[in-house]
Every structure is written in structure tokens, then in C-alpha cells.
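Everything below concerns the one structure shown next.
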Amino acid sequence: MKDSMTLPRRHVLAGSAAALSALGLAGWTGAARAQASAAVKPLPAYAGWKTTDALIVHSSNTLETRRAAFGTSVITPSNRLYVRNNLPAPDAAILDSRDAWTVSVEGVKNPRTLTLAELRTLGVETVATVLQCSGNGRGFFPSKPSGTPWSVGAAGCVVWSGVPLRNVVAALGGVADGMVYLTGTGGEKLPEGVDPLSVLVERSVPVKAMEDALLAWEMNGEPLSLAHGGPLRLVVPGYQGVNNIKYVKRVAFTPVQSQARIMSHGYRMSPPGSKASPDQPSVWEMGVKSWINGPLAESGPLKPGLVQVHGVAFGGTQGVKGVEVSVDGGKTWRSAQLVGPDLGRFAWRQFVLPVQLEAGTHTLASRATDVAGNVQAEQREENLGGFNNTSWRDHAVTVTVA
Ligand SMILES: Nc1nc2c(c(=O)[nH]1)N[C@H]1C(S)=C(S)[C@@H](COP(=O)(O)O)O[C@H]1N2
Ligand SMILES: [Mo]
């Protein structure tokens, strides 16, 4: 571990004891160990500032927060937050002059292109939100849908600062008549030789989402990083990650949904065995969900006695009313305590329940209820893409006490 103080961590970690212990493989030997060590991929350059041992690198465009790395301080530190890019991240040069970044606002009475400098004059608001990929929990689908097999770590709770979109819209005369959707377009350079609509990151959400939306330039107290959409991001609180458009270049109020493939066919709740199509529900608002972040099996056997079962719970666009915890695989439940600051209805709440665990194997589960009375589902809703997994059963953890 000493070496890692003097050398960049990501070079040292590949194949090192630290990397294996981060994987929970400290006790492994031989072929399994060699294989696991080969599987430790370095962080991609645009996210090289992140904490290597807090993250699982699925690919250069998909980084997942380890379940044990969320901590218990509500906010997910930026250097531990997951990353998901559908296209390669833009060149870092787009951050060289942040204030000169432009966004075109269309489908309003007086459409216009504004610079980030101009946006800063229109207002500032701060909101804490759960940012979660709609594929979070896909790894629990027995049907093995294609796409990253995320466990729980394609999510985090972060604080955004920026201008409320409704302020911008008001300054431009209001939404034009007949508009039904709020459509955001990403500013990535598109690969050549392909139909732009097949790769463009452009998403539509119902126009009512404008009320809570921000054009954000700051995350967790720092100028927005390239990895998370800097210099400017459309944040749609309570909506699945894909609707939170990074490097946003265009915000349009539109009568119809975007024709981009990522909207028309991607991220649809397609029944198993069907084909994705635009008439199926899109992944928009997040459902009520919770999971346990400790204790976890990967930390090794627990000692008999008092254990603090803790985790996170959120309700999408609704606040969390309560969380129950089961230590017998869902047969019986007890109310956990919500702890830590309440950062509003779009943030997650931490919960904790002290329990006595005797020697044996225990399946721990959590089940959240939102303020509207919606209870976290027991079972996932099967679908082709492995989206919207809120199943408390899938998210249960089994620990050994010895
Ligand atoms: N411009 C743009 N915005 C995007 C994406 C993208 O590829 N390009 N990915 C989306 C998806 S699928 C998710 S889950 C979130 C991920 O946000 P993060 O990388 O900041 O964690 O960004 C969304 N916004
Ligand atoms: Mo996503």
C-alpha cells in the first residue's frame, strides 16, 4: 500500500493486493486470483481523477460505485459517483471557457441561444437529487438483458446548482402553444458515416418536468466535470439518469417526442420476447426503491451481536416516508430509523436499524414507502432491457455470522 502513495493509484492497483481486496478476493489464490486481477481495468482518462478502489470499471464508458463505497454521509462524493456515457465523452477542451458554452432554447415564444454567462444572470437554485441509471439493478435479472449488468452502484445522491429552467423559459416569453414534451440534446461529436439519429443522445420528458428542472453548472460544490456533463447539464429531478442530458446544447419544447433512437426504441419498458417500440412506456420517473449498503458479505463473516443495518431509500419524485428492514428474507419486517439530513424529496434518505444477529446465515432486505404510500415492490417488472428494477428481493444481501 505504501507504493500507492507515491505512484498514481490507477497504475499501481491493477493486479495489486489492494485491488483484490477491493474486489473481496483477498483470500483467493491461483487461477481465480490471476483471472480477477486481469479483470481490473484502469479508469478512462476523462475520469482518471476518480477513486479507483471505489469503482467497478465495466468499460471506459460505464463505471459503477461499489456497494461498500457509498459511505453514510448522504451525498455521494463526486470521485465515487458512477459514470455512464452512451457516446465517448467530448474533448476536455469544451471546459476551457465555460461561460462561452451556448445552449439553444426552442419551442418558447422568443427562441434564442444563450451563453452560460447569460444563464448565470437568470437565477440560482440548488437541488439534491438521486442520479440513477434506469439499468441500475439489471445484473439481478435472470434473463440477462444486454447492457451493463449494474448491481446497485449506477446511482448516487448529488447536489446540483444552476438556473431553474422555468426562469429561462419565463425570460423567453413562456412555452409556445401546443408543446407536450421537454426535449434535451447532448453536445457530443457524433461518429461519422452513421445516421445521426441512431447515436444522438436526445431525450424527451413530459413538459411538466420543467417545473423542477435545472440547467446545472455545478455539482457537489465544484464546477461540473466533463465526466458528469460539464460545462452544462439538464437535470430533471426524479427522472431516470438518461433524461439528465450532459453537455446540453439544445433545450426544446416540442409537440412530439424526439425521433432519436435512444428515445424511440431505447429505454422502453418492452415486454419480454417483444421488440422495442415507441408505443411502450419510456423510462421517466423513478420508482420507490431502497437497498442495504452494510453489512455486506464481501466484508467477510460478522461477529455475533449488535449490527447496524444501513442503506439508502428514495421515492423518485416523492419523498420517503419510511423504510422497513427484514433479517429473515422478508418474512417479518421492522421499521428502520431515517438518519442524517433530509435534503428534499428528490434526494435519498439514509436508514439504519440496529439488530442482534446470532451465528448462522441471514438474508437482510429493505423495503421503502414513499409519502404517497407507494411501497417498494417485491418483484422486478420483467422487461427486455432490464430497466427500472426496484425489487426489494433482488436487492437483499446474505451475510454470515460466525
Ligand atoms: N449527453 C449525454 N447525456 C447523458 C448520457 C450520454 O451518454 N450523453 N448518458 C445518460 C445516462 S444513460 C445516464 S445513466 C446518465 C449518467 O450520468 P453520469 O455519467 O453523470 O453518472 O447520464 C445521461 N445523460
Ligand atoms: Mo443510464
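Just so you know, ligand 1 is whichever comes first in the structure, and atom 1 is the first atom listed for that ligand.
- Nearest to atom 17 (O) of ligand 1 by heavy atom, out of Q240, R233, R84, E202, is R233.
- Taking CG of L122 as the start and CG of L114 as the end, the distance is 6.5 Å to the nearest 0.5 Å.
- Of all heavy-atom pairs between A227 and W49, the closest is CB-CZ2, 4.2 Å.
- Remark: R66 does not engage E64 in a salt bridge, criterion side-chain N to carboxylate O under 4.0 Å.
- Residue L81 places no heavy atom under 4.0 Å from ligand 1.
- Counting heavy atoms under 4.0 Å from ligand 1, residue V201 touches it through the side chain alone.
- At distances below 3.5 Å, at least one donor-acceptor pair connects side-chain atoms of W284 with backbone N or O atoms of S204.
- In terms of N/O distances under 3.5 Å, ligand 1 is not approached by Q132.
- For ligand 1, the polar-atom distance check finds an N/O of E188 within less than 3.5 Å of one of the ligand's N/O atoms.
- For atom 13 (C) of ligand 1, the nearest non-hydrogen atom from the set A89, G241, G147, C133 comes from G241.
- By the 6.0 Å and 45° rule, R120 stacks over the aromatic ring of W217.
- Which of V242, L224, T65 comes nearest to atom 11 (C) of ligand 1 through a heavy atom is settled by distance: it is V242.
- Each of the following atoms of ligand 1 lies closer than 4.0 Å to a heavy atom of V83: 19 (O), 21 (O).
- At a 4.0 Å heavy-atom cut-off, ligand 1 does not touch R203 at all.
- The backbone N or O of T361 lies less than 3.5 Å from no partner atom in the side chain of T400, so there is not a single donor-acceptor pair.
- Residue-level proximity to ligand 1 for N244 is carried by the backbone, the only part with a heavy atom below 4.0 angstrom.
- The contact set between ligand 1 and G186, taken as ligand atoms under 4.0 Å from a residue heavy atom, comprises 1 (N).
- For Y82, heavy-atom contacts with ligand 1 shorter than 4.0 Å involve the backbone as well as the side chain.
- Under the 6.0 Å cut-off for aromatic ring centres, Y267 and F387 qualify, their centroids lying closer than that.
- Looking at D342 and R349, a side-chain N of the basic residue comes within less than 4.0 Å of a carboxylate O on the acidic one, giving a salt bridge.
- Ring centers of W348 and F70: under 6.0 Å apart, within the cut-off.
- Taking every non-hydrogen atom of N85 and a distance limit under 4.0 Å, the qualifying atoms of ligand 1 come out as 7 (O).
- Aromatic rings of H395 and F140 (six-membered ring for Trp) have centroids within the 6.0 Å cut-off, being under it.
- Closest heavy-atom approach to atom 3 (N) of ligand 1 within the set K249, M219, K246: this belongs to K246.
- Close approach of ligand 1 to L131 (heavy-atom distance below 4.0 Å) involves ligand atoms 17 (O), 18 (P), 20 (O), 21 (O).
- For ligand 1, none of its N or O atoms has an N or O atom of Y267 under 3.5 Å away.
- The protein heavy-atom contact nearest to atom 7 (O) of ligand 1 is N86 N, 2.6 Å.
- In summary, E106 and R250 engage in a salt bridge, as defined by a charged side-chain N under 4.0 Å from a carboxylate O.
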